[in-house]
Each structure stands twice: as C-alpha cells, then as structure tokens.
Q: 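The following block contains the structure, expressed as structure tokens.
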Amino acid sequence: MATPEITLDPTTKKLSIIGFSGDFDKLVAVFTLATGAASVGYEVNLFFTFWGLDAIKIKQGRSPVGKGFLPKVFGIFMGGLKSAPVSRLNFGGISPQIFRHLMRKNNVATLEELVDAAKALEVNFYACEMAMHILGIGKEDLIPEVKEVLGVASFLKMSENGQTLFI
Amino acid sequence: MATPEITLDPTTKKLSIIGFSGDFDKLVAVFTLATGAASVGYEVNLFFTFWGLDAIKIKQGRSPVGKGFLPKVFGIFMGGLKSAPVSRLNFGGISPQIFRHLMRKNNVATLEELVDAAKALEVNFYACEMAMHILGIGKEDLIPEVKEVLGVASFLKMSENGQTLFI
Amino acid sequence: MATPEITLDPTTKKLSIIGFSGDFDKLVAVFTLATGAASVGYEVNLFFTFWGLDAIKIKQGRSPVGKGFLPKVFGIFMGGLKSAPVSRLNFGGISPQIFRHLMRKNNVATLEELVDAAKALEVNFYACEMAMHILGIGKEDLIPEVKEVLGVASFLKMSENGQTLFI
C-alpha cells in the first residue's frame with residue numbers, strides 16, 4: 001500500500017524538551033537532540049526546570065546559587081556543567097571525565113560545545129518559574145540566552161503540534 | 001514573517017503523562033504539569049505505572065502493599081507521597097523535607113496540595129494493569145479518583161493527538 | 001455532549017521511543033509500550049542510545065563491548081539484559097531477580113520475552129550513531145534486528161506526527 005503524500009503543517013517541525021535532569025549524560029542527550037533538530041530546521045524550545053536549571057546558570061562550578069541557607073545546600077550540589085554527574089555509573093565522579101575523554105577521542109562534540117552550538121543555532125532557552133522560586137534562583141543567575149521565565153501552561157502552549165520530551 | 005492563524009483541533013489540547021517514577025521531585029513535576037495544563041483547559045490524563053503507582057495508593061506511609069511476601073518487600077520501600085525520595089540528592093532522606101520547606105517558604109504548592117488540585121481540576125487518573133499485577137496491587141489499594149485500570153494500548157489510544165510525556 | 005467522530009490521519013498511529021536508560025524497569029517499560037502499541041497496529045520505532053544500547057547488544061552478560069580500554073570500563077558495567085539494574089531499589093543487585101520472579105509468578109512476560117515479542121511484532125529497532133561512537137560500539141556488536149544506525153535528525157523526522165517518548 002502506498003503511503004499517501006503528507007502535507008505537513010509548518011508548525012509540526014518543532015521539538016520541545018523539558019530539561020528536568022542535571023545529569024551529565026542526560027544533558028548531553030538534551031543538547032544533542034536540540035542541536036540535531038535545529039540543524040535540520042526545527043524550531044527547538046528548551047524549558048529548564050529543577051536540576052536542569054543547572055545547565056543554564058551563569059556561574060559554573062560548585063558554588064552556592066540563590067539566596068538564603070537552604071538554596072545554598074542545593075547550590076553546592078548543583079555544580080553546573082563541569083561537575084554534572086552521570087545518571088548511572090558515577091564511580092567517585094570519574095565517569096563524566098571518561099565520557100568527556102571518549103567524546104574528545106572520538107571527535108564528538110563535548111557538552112560545552114553542544115551548548116554553544118545550541119546558542120548558535122538559535123535554540124530557544126526558557127526557564128521554569130516555579131522551580132526557580134523553589135530553588136531560590138533569579139533571572140540574573142541565568143545565562144543571557146534565556147529568553148523568558150515561563151510557567152508550565154505557557155510552555156505547553158508553545159510546544160503544541162510538535163514533539164515534546166521530558167528528559 | 002507573520003505566523004499564520006492556526007485553528008487547533010479541539011483534541012490537540014491534551015496532555016498525557018506516563019507517571020513511572022516514584023521520586024519526590026519527579027512527582028512534583030508530574031502534578032505541576034498536570035495542574036498547569038488543566039487550569040488552562042487541557043484534558044489531562046495521568047497513567048501511573050511501576051513506582052508511580054505509589055502516588056495514588058490510599059494507604060500512605062511505609063507499609064506493605066499487596067499480597068504475598070515479595071510485594072511486601074517492595075511495599076516497604078514504596079512508602080507513598082510522604083516518604084518519596086528525591087531522584088538526585090537524597091542525603092539520608094533529608095532532601096524531600098528541604099524541598100517541602102522551600103516550597104512552603106516560597107509559597108509554592110506542596111506535592112499533596114498539587115495532588116488535591118489535580119483532583120479538583122478533574123485531571124484523569126489511570127493505573128497500569130500490568131504493573132499492578134507485577135507489584136501485587138489491587139484496584140482497592142488505590143485512591144477512588146482512579147477512573148480505570150488500563151493496559152498500554154488503551155492509554156496510548158486515549159493520548160493520541162496530544163502531547164505525551166514519560167516521567 | 002457527544003464527542004465528534006475523529007478521522008485519524010494514518011500517520012498518527014505511530015509510537016517512537018528514545019531508549020536512553022539501561023535500567024531493568026525502564027527497559028520493561030520501553031518494551032511493554034512497544035509491544036502493546038504494535039499489537040494494536042501502531043508503527044513502533046525504538047531508537048536506542050547511551051545505556052539503552054545495552055538492550056540490543058548481541059553479546060549479553062558482563063563482558064567488555066567495543067574497542068580500547070575506556071569503552072571496556074563501561075562494557076563491564078553495561079552487562080546487557082540479564083544484569084540490567086533496577087532504577088530505584090537495587091539492593092545488591094537483588095531487585096531485578098525479584099522483579100523477574102514477580103513477573104513469572106503473575107504470568108507477565110519477562111523482559112527477554114517482551115524483546116522477542118517486539119521482534120515478532122516487527123517493531124523497528126534503530127541505534128544512535130553518536131552514542132555508538134562515544135561508547136566504541138560497532139554495528140556488528142548489535143542484534144541483527146537493528147535496521148539502521150541513525151542520527152538524531154533522521155530519527156526525529158521518522159517520529160513526526162506520532163507520539164514520541166524519552167525513557
């Protein structure tokens with residue numbers, strides 16, 4: 001049976017990702033999907049929430065984020081891209097280094113390069129309002145590429161008629 | 001270039017979530033997305049499976065669920081909303097408390113409030129037949145808001161033409 | 001109010017899953033969704049990446065995969081279906097066995113049976129090019145059912161107009 005000719009609505013070429021995880025390997029997945037899609041013309045929307053906010057903080061490294069004591073406790077563990085743990089095999093923090101080494105050795109873009117590529121490809125960065133409230137993170141703590149701080153409803157509306165992933 | 005006026009099919013305003021995780025932060029994500037979407041008129045379908053079933057058990061607290069010895073082993077670790085661990089930083093079980101504190105302090109709804117809001121907003125709760133079999137959980141162990149115990153195929157059919165997430 | 005008769009575009013009955021996790025319970029979820037959808041006529045596309053590649057390796061068991069020293073380190077921990085850990089309660093590796101026991105006892109298909117069923121139902125298996133590069137895995141290391149080694153963009157294109165999940 002022949003597949004009928006499909007006329008795609010232009011709005012369907014859209015990929016939206018809710019970036020919840022702060023794990024190194026999952027962040028690599030987020031940015032690989034984002035840059036892969038953007039490079040073939042997709043509109044890509046990344047909505048960072050909870051641990052994922054770690055990927056779009058200005059201040060990288062294990063330093064406190066936000067105001068007050070408790071956000072600090074989280075800040076110390078949310079160390080940004082350089083110290084993001086791997087979701088699975090994280091033997092004493094060595095795994096991300098092995099990954100980086102393998103990525104470099106095999107000429108695959110590293111996480112930082114993927115993030116830079118996403119910026120260059122005009123991937124849209126958004127941050128989750130509620131998670132920022134909970135974790136005590138302000139707009140000024142985030143990289144300038146973050147277009148807007150949004151609530152869930154706005155993000156879902158923006159993602160309609162495309163593919164939406166939770167990572 | 002002006003974006004063309006898009007007439008949405010009414011069926012597209014639909015959010016369906018496969019709630020697989022029993023982690024506190026991921027459950028907060030499930031119910032934040034569910035209530036956020038429902039409050040702007042989406043039809044929301046939550047399909048709880050595996051550890052996610054923990055969120056819709058009647059009997060909360062670390063008590064055995066289901067019949068037989070082995071389900072008990074799991075039941076003790078599946079302690080319901082009050083004892084759900086955080087997916088990442090769970091230092092000796094303290095993290096969910098910190099989260100709760102931060103949520104309270106910053107006037108964000110707590111997990112229990114989000115679940116109540118989901119009920120009030122008529123979010124649809126479904127439970128996964130297969131996972132209930134595996135874990136020895138019966139319909140009578142689940143909150144009355146659970147509309148139906150479903151298989152995968154029925155849930156996917158119900159989710160068509162909307163956004164579907166696996167959390 | 002009567003629900004209007006909806007004429008589905010044939011292309012919408014499609015389920016695509018990015019299989020990122022190598023955890024036992026999440027692999028059970030991937031294959032339960034895949035076989036459930038395929039059995040009611042969905043086109044199902046599985047795209048294995050990172051730890052998920054473990055599910056489609058020929059050589060099962062804790063043995064090194066790929067060439068070179070560092071991939072070996074990962075290979076030892078990526079032990080295939082028989083040794084896949086459970087995402088949550090993995091007390092000394094006993095949990096997958098408990099799961100298997102419960103699945104068997106309650107007449108639910110085991111993971112291996114689900115994988116076989118997926119093959120029989122002509123679920124499409126794809127492998128992620130970039131992850132294979134990083135982890136030093138070649139096409140020859142994968143089961144023959146893997147139709148193609150793909151990049152992200154090709155997979156997203158293939159998944160359009162269906163439901164796409166990241167697991």
Side-chain angles (χ1 to χ4, degrees), chain A residues 9-12 14-24 26 43 47 49-52 54 66-79 84-87 90 128-137 150-167, chain B residues 1 3-9 11-21 23-26 28-42 44 86-91 94-95 97-111 114 161-167:
Chain A
D9 179 309
T11 59
T12 58
K14 191 196 294 187
L15 174 67
S16 303
I17 302 178
I18 300 171
F20 173 92
S21 173
D23 292 333
F24 181 82
K26 290 196 176 165
E43 172 191 327
F47 180 69
T49 184
F50 284 91
W51 317 109
D54 221 23
K67 286 141 196 86
F69 173 71
L70 287 170
K72 267 184 197 164
V73 175
F74 281 98
I76 289 165
F77 286 82
M78 289 175 73
V86 171
S87 68
N90 197 19
C128 171
E129 198 173 17
M130 196 196 71
M132 289 172 65
H133 272 302
I134 296 182
L135 298 169
I137 297 174
L150 292 178
V152 157
S154 310
F155 183 72
L156 285 175
K157 193 150 182 49
M158 176 181 290
S159 316
E160 267 173 18
N161 297 316
Q163 298 181 63
T164 311
L165 304 174
F166 182 95
I167 300 184
Chain B
M1 202 185 88
T3 311
E5 195 80 353
I6 302 162
T7 314
L8 283 182
D9 179 309
T11 60
T12 58
K13 292 191 71 71
K14 191 195 293 186
L15 174 67
S16 303
I17 302 177
I18 300 171
F20 174 92
S21 174
D23 292 334
F24 180 83
D25 44 354
K26 290 198 176 163
V28 171
V30 167
F31 284 98
T32 304
L33 285 160
T35 52
S39 66
V40 291
Y42 278 60
V44 180
V86 170
S87 68
R88 209 166 154 192
L89 321 171
N90 197 20
F91 13 106
I94 205 177
S95 251
Q97 274 68 42
I98 297 185
F99 252 122
R100 272 169 219 279
H101 178 93
L102 289 173
M103 288 170 94
R104 181 64 65 202
K105 193 169 145 261
N106 296 312
N107 286 319
V108 181
T110 61
L111 181 50
L114 284 168
N161 297 316
Q163 297 181 64
T164 312
L165 305 174
F166 182 96
I167 301 184

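Every value quoted in this text rests on a predicted model; they were computed, and no experiment measured them. What's counted below: heavy atoms across the whole structure, side chains too, no hydrogens, waters or symmetry copies. First the proteins, then the strands, lettered A, B, ... as listed; each starts at 1.
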Q: Heavy atoms only: give me the nearest B:V28-A:F50 pair and the separation to one decimal.
A: CG1-CZ, 3.7 Å
Q: Start with the C-alpha distance between A:I18 and B:L33, add both sets of side-chain angles, then the distance that settles side chain to side chain contact (heavy atoms under 4.5 Å, CB included), and finish with yes or no.
A: CA-CA 10 Å; A:I18 300 171; B:L33 285 160; 3.9 Å; yes
Q: When rounded to the nearest 0.5 angstrom, what distance separates CD1 in A:I134 from OG1 in B:T110?
A: 10.0 Å
Q: Working note: B:Q163 + A:F166, criterion side chain to side chain contact (heavy atoms under 4.5 Å, CB included); need CA distance, chi angles, decisive distance, verdict.
A: CA-CA 11 Å; B:Q163 297 181 64; A:F166 182 95; over 6 Å; no
Q: Is it the backbone or the side chain of A:I167 that comes under 4.5 Å from a heavy atom of chain B, or both, or neither?
A: neither
Q: Where on A:L165 is there a heavy atom nearer than 4.5 Å to chain B: the side chain, the backbone, both, or neither?
A: backbone
Q: Taking the side chain as every heavy atom from C-beta outward, state whether A:K157 and B:V40 have any pair of such atoms under 4.5 Å apart.
A: no
Q: Given a strict heavy-atom distance threshold of 4.5 Å, which part of B:T35 is in contact with chain A: side chain, backbone, both, or neither?
A: neither
Q: Looking at residues at least two apart in the chain, or sitting in another chain, which of them share a side chain to side chain contact (heavy atoms under 4.5 Å, CB included) with B:A38?
A: B:V44, B:L121, B:V123
Q: Can you give me the closest heavy-atom contact between A:V152 and B:G36, atom names plus distance?
A: CG1-CA, 4.2 Å
Q: Using non-hydrogen atoms and a 4.5 Å limit, figure out which bit of A:S159 sits close to chain B: side chain, backbone, both or neither.
A: both
